[in-house]
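Report on the structure given below.
Here, residue 1 is the first one in the sequence, and each next residue gets the next number.
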Amino acid sequence: MADIREIAAGETHRAARALLALRPQRAGGGDLLPLAALADGQRAAGYRLVGSFEPGEDDAAAVAGFRVQENLAWGRHLYVDDLVTRADRRGRGHGAALMRWLAKEACRAGCEQLHLDSGVGPDREDAHRLYFNAGLRISSYHFQRLVGAGG
């Protein structure tokens, strides 16, 4: 049985292995410390982490990075920035457990909705199945454009 708990600022390194699987471009050479520092740096903007931990393990098997926000389009909502299960821990219910925790946290925080964006492609099919099974539906397109040096 997994233990689902929020990861405090001083424990962000417990989420770093999982976050590295989702955001390898944010860690220099696979080093976990810069990635943990980047995640901690977002906390001032309301970013929080919750992890799913297997018994006896210090590092999270899966993590979700999220924030509670309010805007004109969605009202008060919980937005999931990051949701990932380490490859060697997939298929054990960690993602579904985190989705249930996030929905409950959205209710506790007085949110009207829960949102997340997800990439597209064959490698995302398992993630999309998880989202559909958790009651999420595709509600919009997300557009992007590179600007500055990259655009």
Are any of the side-chain heavy atoms of L102 and L78 separated by less than 4.5 Å? yes
Under a plain distance cut-off of 3.5 Å, with no hydrogens placed, do H142 and Q144 share a side-chain donor-acceptor pair? no
R5 vs W101 side-chain heavy atoms within contact, under 4.5 Å: no
Q69 vs H77, test: side chain to side chain donor-acceptor pair (under 3.5 Å). Steps then yes/no. CA-CA 6 Å; Q69 303 174 337; H77 64 279; 3.1 Å; yes
Mind checking whether R89 and R17 have side chains closer than 4.5 Å, heavy atoms only? no
Verify, without hydrogens or angle tests, whether R86 (side chain) and A21 (backbone) share a donor-acceptor contact under 3.5 angstrom. no
For a 4.5 angstrom cut-off between non-hydrogen side-chain atoms, does F132 reach R137? yes
Non-hydrogen side-chain atoms of F53 and I7 separated by less than 4.5 Å: yes
With heavy-atom distances below 4.5 Å as the criterion, would you say the side chains of L98 and V80 are in contact? no
Under 4.5 Å between any side-chain heavy atoms of T12 and R43, yes or no? yes
Within-4.5 Å side-chain heavy-atom neighbours: M99 and L136: yes
To the nearest 0.5 Å, tell me how far D117 CG sits from Y141 OH. 14.0 Å
Parallel, tilted or perpendicular: which fits the ring planes of Y79 and W74, with parallel below 30° and perpendicular above 60°? parallel
